Number of protein chains: 2
Amino acid sequence: MDFTTILSALAEPNRLKIVELLRKGPLTVGEISDQLHIRQPQASKHLRVLNKAGVVEFTVDANRRIYMLRSEPFTSLDLWLKEYRDIWEEKFDNLDRYLQDLQIRENKENDN
Amino acid sequence: MDFTTILSALAEPNRLKIVELLRKGPLTVGEISDQLHIRQPQASKHLRVLNKAGVVEFTVDANRRIYMLRSEPFTSLDLWLKEYRDIWEEKFDNLDRYLQDLQIRENKENDN
DNA sequence: AAGGAATATTCTTGTCAAGGAATATATCAA
DNA sequence: TTGATATATTCCTTGACAAGAATATTCCTT
């Protein structure tokens, strides 16, 4: 599943709300559209996008579908985020690094 | 900074690539547009969006601007993700929970 | 079989975002 | 001062997407 696909699935406010809801447990389409105060077709459409992105899955219960979160996109996000950990933990000073790098590049330019 | 704003900033492929690039260190607009094979104005525009979302910041160096990542959006993402940790660590079985919840709801219905 | 409930799909419309091209702005160098 | 370089901004066009309304599909109940 493409990473940007996951991100744009989550970037839509109502879809993010759906994910927040599903965090507490599986829900039917009707319950989702009720709790979010959106119409059923829009809920279905948003769930379709989330499903395509691999964010949710569902099981069929006769007439209804019970949607729930999948774990994969979250592990995927976490994995991606890990690679930025030294940045957001600020183990080094961004400005320092910038000045170093700038220095290097200016020198390269002078070589030409 | 709104969470969905951060997400949609990152959801655009070229912008995500910019972020990936900046992970290795600060860069000027020109360097970014070169390495990404996009035109300078598009790079500027993407950087503007990233800046508005709080993902990047820049320092002015005379003629140029050196862009770098900010830590905040990443800590923000990580914080959000933490709330899903019991889901993506799969400490419980999704299906089990679904069946439980379903049971509860069906009973509620019969009460009416 | 018929009606009703739950959900999905289609069609339309309006809005927004991205890329291209051109231009504006600021700064440096000669 | 003039030209060149780096970056930002504006305008335009096009494509994607979200909501609304209407309809289709599936399954249950009686």
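By convention in this document, chain letters (A, B, ...) are assigned in the order of the sequence lines, proteins followed by strands, and residues within each chain are numbered from 1. All values reported here derive from a predicted model rather than from experimental measurement.
- Across all strands shown, D:dC28 forms a Watson-Crick or G-U wobble pair with C:dG3, both key distances being under 3.5 Å.
- At the phosphate of C:dG19, OP1 or OP2 sits under 4.0 Å from a side-chain N or O atom of B:N14.
- Atom-to-atom, CD1 of B:I32 to P of D:dT7 comes out at 9 Å; the value is rounded to the nearest Å.
- As a whole-Å value, the separation of B:L16 CG from C:dA18 P is 13 Å.
- No salt bridge links A:R65 with A:D61; every basic N to acidic carboxylate O contact stays at or beyond 4.0 Å.
- For the residue pair A:T75/A:E72, the side-chain donor-acceptor check at 3.5 Å is not satisfied.
- Atom-to-atom, CD of B:E31 to C1' of D:dT5 comes out at 14 Å; the value is rounded to the nearest Å.
- Under 3.5 Å, the side chain of B:E12 and the base of C:dA18 form no donor-acceptor pair of N or O atoms.
- In this entry D:dT23 has C:dA8 as its Watson-Crick or G-U wobble partner, both defining distances falling under 3.5 Å.
- Nearest heavy-atom pair across B:A11 and A:T4 is O-CB, 3.4 Å.
- B:D34 has its CG atom 10 Å from the P atom of D:dT7, to the nearest Å.
- Counting non-hydrogen atoms under 4.0 angstrom, A:Y67 reaches the backbone sugars and phosphates but no base.
- For C:dT9, one of the phosphate oxygens OP1 or OP2 lies less than 4.0 angstrom from a side-chain nitrogen or oxygen of A:R48.
- A close approach under 4.0 Å does not occur between any side-chain nitrogen or oxygen of A:R65 and OP1 or OP2 of D:dT26.
- Between B:R15 atom CZ and C:dA17 atom C1' the separation is 8 Å, expressed in whole Å.
- On a pure distance criterion of 3.5 Å, no polar donor-acceptor pair joins the side chain of A:Q40 and the base of C:dA6.
- Side chain of B:K45, nearest nucleotide from D:dC28, C:dT9, D:dT9: D:dT9.
- Toward the 5′ end of DNA chain D lies the nearest nucleotide of B:Q42, the other residue of the pair A:I38 and B:Q42 mapping further downstream.
- For A:R39 and D:dG20, the shortest distance from a side-chain N or O to OP1 or OP2 is below 4.0 Å.
- Per the geometry, CG belonging to B:L50 stands 10 Å off P belonging to C:dA18, to the nearest Å.
- A sub-4.0 Å separation between OP1 or OP2 of D:dC17 and a side-chain N or O of A:H46 is absent.
- Summarising the geometry, the separation between CG on A:D61 and C1' on C:dA6 is reported as 11 Å, rounded to the nearest angstrom.
- Look at CG on A:N63: it is 13 Å from C1' on C:dG3, rounded to the nearest Å.
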Quick one, A:I18 with A:L36, criterion side-chain contact (heavy atoms from CB on, under 4.5 Å). Give me CA distance, side-chain angles, the key distance, then yes/no.
CA-CA 8 Å; A:I18 289 178; A:L36 253 57; 3.5 Å; yes
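- Sorted by first and then second residue, the ring-ring contact (aromatic ring centres under 6.0 Å, His included) pairs with a member in residues 17-58 of chain A read A:F58-A:Y67; sequence neighbours excluded.
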